[in-house]
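Notes to accompany the following structure.
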Amino acid sequence: MAQGPVQDEAGRLPATGGNAATIVSEAAHAVLPDTASPTAAGPSGGAGEKFRRGEHLIWLTGSALGTCLLMIFGLLAVILANGLGIFWPSRLEQLTLKDGSLVAGEPMQRQAIPGSGGPGKPKAYRVQLKVGNRDLYGADFRWIDESQIQRREWPADLYLVERTEYGVLIGVPAKVREGERETTGAGVAAVLQQRIAAAQRDRRSLRRLEKDEIGSINYDLERVRLANRKLDYRLSREPSLDVSAERQRLQAREAELRARYAQLEQRLDKLREAAMTASVGFRTVDGQQKEIATLDLYRAYPANALSWPSRAGIYASRLWSFLSDEPREANTEGGIFPAIFGTVMMVFLMSLAVVPLGVLAALYLREYAKQGMLVRSVRIAVNNLAGVPSIVFGVFGLGFFVYFVGGTIDRVFFPEALPTPTYGTGGILWASLTLALLTVPVVIVAAEEALAAVPRSMREASLAMGATKLQTIARVVLPAAAPGILTGLILAMARAAGEVAPLMITGVVKLAPELPLDGFFPFFHLDRKFMHLGFHIYDVGFQSPNVEAAKPMVYTTTVLLLVIVVLMNVTAIAVRNHLREKYRTSAF
Amino acid sequence: MAEQPSRTTPGDAGLRIRTELPTRPPEAAPAPAGPPDIVCSGVNLAYGENHVLHDISLEIAPRRATAFIGPSGCGKSTLLRCFNRMNDLIDSVRVWGEIRVKGLDINAHTTDVIEVRRRIGMVFQKSNPFPKSIYENVVYGLRIAGVDDRATLDEAAERSLRGAALWDEVKDRLQESGLGLSGGQMQRLCIARAIAVEPEIILMDEPCSALDPIATLKIEELIYELKERYTIVTVTHNLQQAARVSDYTAFFWLGKLVEFGSTADLFTAPREKLTEDYITGRFG
């Protein structure tokens with residue numbers, strides 16, 4: 001038993017030195033009675049002393065935390081550096097090689113030539129240039145030995161051009177042709193930018209014509225076709241039915257739609273023709289010529305003659321088009337907006353499904369079920385569900401949701417469309433439900449904890465007022481448990497946003513022509529397939545024909561996925577904190 | 001020890017004071033203020049194997065305050081919770097014997113327990129306002145009964161808060177959380193919540209045990225005012241409080257009703273030695 005300073009018979013405490021160090025050391029000795037030698041509290045305390053005090057544990061735990069943080073931030077830094085750096089418009093080098101040829105491009109990386117170097121020999125390096133012009137050279141990237149480089153320059157008139165096909169073009173714009181007129185020489189730069197802006201407007205109006213107007217006619221034509229099929233189906237059931245009037249009506253409608261279609265097609269062709277009259281002629285550094293219609297140009301800039309604000313402007317514009325455009329060229333170029341949309345919509349649908357399911361299940365388990373063996377085994381089963389590999393959930397989703405439920409829905413509601421499945425194939429609805437099943441154990445566990453944490457006194461107060469159990473749960477218990485339930489939802493969203501395996505077989509595709517949400521009734525097309533950021537990373541990184549070109553896309557998509565998950569979590573946490581303030585007594 | 005008064009004397013509600021040992025039920029005489037609100041006849045309660053209440057028979061007079069006193073664990077809170085069937089919330093509890101509230105047998109199968117609880121209000125030892133605004137706390141009982149009309153709710157809120165002597169302190173902050181009040185205010189909020197639905201009987205389970213002396217005084221004054229309109233049954237550890245506030249007192253010991261009578265009589269001239277020992281502080 002530790003003792004304080006002992007009083008002598010007169011009740012006086014022993015005189016201590018006024019020195020703070022001795023007082024501290026005396027206090028330390030009072031607390032640690034087994035300290036052998038009274039060392040002064042100072043740096044001369046031995047290593048054995050430190051070990052006994054447990055200082056090594058502080059270092060151990062601190063360094064473990066430090067390592068974790070280092071790993072996390074290191075990963076984030078690598079992803080961010082690689083991902084966000086690709087939008088920066090960097091300078092283009094023009095290399096004159098020893099054999100006289102010219103090569104121009106963006107320097108990507110530099111490495112030692114494998115096999116070079118050794119005793120006495122200096123290491124040889126090579127540099128990778130992104131030379132673009134895939135249609136002319138066959139490959140986007142080229143390795144060049146540094147020993148072969150005779151001269152490096154950065155010509156001010158070298159342009160980097162983003163276009164519809166074949167990746168980027170690196171060259172000098174020689175002339176601009178607008179119908180009959182040609183511009184060459186010094187005026188080319190200004191006219192080029194004008195034409196590019198005009199091309200953007202043209203593309204937009206062409207797109208609007210295609211997607212909105214022609215698209216709605218296609219949609220109506222499809223409805224007419226389905227109506228016809230429905231009549232066929234009904235006739236096959238009751239051959240005596242008289243459908244001639246309806247058929248005539250449908251035929252008339254179809255004719256009218258086709259006439260409109262033809263009109264619009266004509267307009268489209270005319271617009272396209274008008275737009276195609278403008279083109280730009282480029283000359284590459286090795287002397288080849290290439291003419292591109294301005295309609296196919298997205299962006300062109302002189303990479304070595306830009307000021308910092310212009311570079312920043314191009315960076316911002318590229319970032320924006322990454323987020324808002326559709327993908328091109330097998331997902332290696334363009335934007336990833338459909339994938340962002342698909343991911344967010346799927347997580348949203350999944351939350352809609354998992355919260356009621358999980359909360360109601362937790363309510364039953366905690367409030368209504370008789371607590372016995374059955375309830376305990378249900379709880380064990382639910383907890384174990386969290387350990388099942390996600391691909392197994394995918395297979396279950398395929399078998400149950402897609403084939404069984406979807407097939408039944410097709411037979412009952414859409415028999416005329418068969419054998420083409422409507423709901424009997426993968427789609428955003430089935431994918432969301434599969435992921436909801438995947439994350440429901442997490443929500444059930446969190447909801448049960450939250451419900452159990454609501455103090456008994458609150459329930460008793462409500463029941464003593466004459467509330468039924470349902471009223472007590474709805475008005476008192478659930479609102480008080482809401483912060484904990486939201487915690488469960490946050491965990492569920494974080495898990496679901498990153499899962500890819502179950503989605504691959506229940507409704508994700510490499511390229512989806514339409515979004516699951518559009519302006520045509522019924523607006524939410526839950527039978528459509530969708531794109532997903534996680535799957536996009538896999539697809540672009542490992543399934544694309546041009547891996548080098550795709551690499552930057554992988555990093556950027558990863559950054560975006562992280563940002564979206566963080567945003568969703570932050571929103572949910574903010575809502576939870578707000579609720580926690582309101583319902584201060586809940587344990588979460 | 002006192003003599004044996006067998007007839008009613010003016011002043012008390014005419015209850016026969018028990019002179020026998022606690023095993024035999026008392027003879028009840030009709031109260032002049034009206035028939036008794038609660039009549040217990042041979043009430044027993046057991047948790048599993050644990051027999052907690054033994055043959056309790058008493059009557060609670062209308063519009064009077066009755067106090068249950070006794071040492072810890074003697075079953076007074078348990079009996080109190082029997083009156084509004086709050087013991088149903090505990091598993092493995094068995095009640096037998098008859099409890100009639102205004103003539104209605106509350107343990108019968110046909111009785112709607114929700115109705116019983118609506119007519120009986122309860123205030124707990126540790127005040128438990130809901131994590132809602134003060135206004136919503138007070139009108140909770142009305143809302144669950146289906147009253148939605150804003151004017152009715154407003155009027156009921158003001159009436160109850162005035163009745164609980166809380167109106168002046170909170171009238172400007174009705175939308176603030178009920179949890180932001182002091183201990184005494186929270187307990188008065190719970191009382192306001194209980195009286196908002198105009199119950200016939202209010203049960204209070206040691207309402208002041210968690211409060212400081214000044215808050216306790218305020219609650220006691222409140223009980224004194226409330227008993228003119230409501231029947232109040234209080235469980236209390238505080239003998240002086242029982243003596244100050246109640247008209248009738250019942251003394252329990254180890255699950256049995258030892259003595260029941262008017263407060264004046266029980267405290268000045270208790271019938272049983274056990275009662276006298278407890279009141280004079282020899283145990284408990």
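Chain letters run A, B, ... following the sequence lines, proteins first, then strands; residues in each count from 1.
For the pair A:Glu460 and B:Met86, the tightest heavy-atom approach, listed with the atom from each and the gap, is O-CE, 3.4 Å. The two atoms that bring A:Met458 and B:Pro131 nearest to each other are SD-CD, 3.4 Å, heavy atoms only. Listed here is the closest heavy atom pair of B:Tyr140 and A:Val476: OH-CG2, 3.4 Å. Minimum heavy-atom separation, A:Arg456 to B:Ile90: NH2-CG1, 4.1 Å. Listed here is the closest heavy atom pair of A:Ala467 and B:Ile114: O-CD1, 3.7 Å. Of all the heavy atoms in A:Ala464 and B:Asn84, the pair that sits closest is CB-ND2, 4.3 Å.
For B:Ile120, the part lying under 4.5 angstrom from a heavy atom of chain A is the backbone only. Contact annotation for B:Arg81: only side-chain heavy atoms (C-beta onward) come within less than 4.5 Å of a heavy atom of chain A. Residue A:Arg459: no heavy atom, backbone or side chain, is found under 4.5 Å from chain B.
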* To do: Check step by step if side chain to side chain contact (heavy atoms under 4.5 Å, CB included) holds for A:Gln371 and B:Asp91.
  => CA-CA 11 Å; A:Gln371 303 292 315; B:Asp91 288 336; over 6 Å; no

Q.
Determine whether B:Arg143 and A:Gln471 satisfy the following criterion, side chain to side chain contact (heavy atoms under 4.5 Å, CB included), listing intermediate values before the conclusion.
A. CA-CA 10 Å; B:Arg143 280 204 194 275; A:Gln471 283 173 320; over 6 Å; no

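Distance check: A:Ser457 OG to B:Gln125 CD gives 11.5 Å after rounding to the nearest 0.5 Å. Taken from OG1 in A:Thr468 to CG in B:Asp112, the straight-line distance is 10.0 Å, to the nearest 0.5 Å. Rounded to the nearest 0.5 angstrom, B:Arg118 CZ and A:Met465 CE are separated by 9.5 Å.
The number of heavy-atom neighbours closer than 6.0 Å to CZ of B:Arg173, taken from other residues, nucleotides and ligands shown, is above 12. In the displayed structure, A:Lys469 atom NZ is contacted under 6.0 Å by more than 12 heavy atoms of other residues, nucleotides or ligands. Other residues, nucleotides and ligands contribute only 12 or fewer heavy atoms inside 6.0 Å of the CZ atom of B:Arg63. Residue B:Tyr47 places its OH atom among more than 12 non-hydrogen atoms of other residues, nucleotides or ligands, all under 6.0 Å distant. Enclosure of atom OH in A:Tyr368 by more than 12 non-hydrogen atoms of other residues, nucleotides or ligands within 6.0 angstrom is indicated.
Across B:Val116, B:Val197, B:Asn128, the residue that shares the most heavy-atom pairs under 4.5 angstrom with chain A is B:Asn128.
B:Phe130 is not listed as a side-chain neighbour of A:Arg475, based on a closest heavy-atom distance of 4.5 Å or more.
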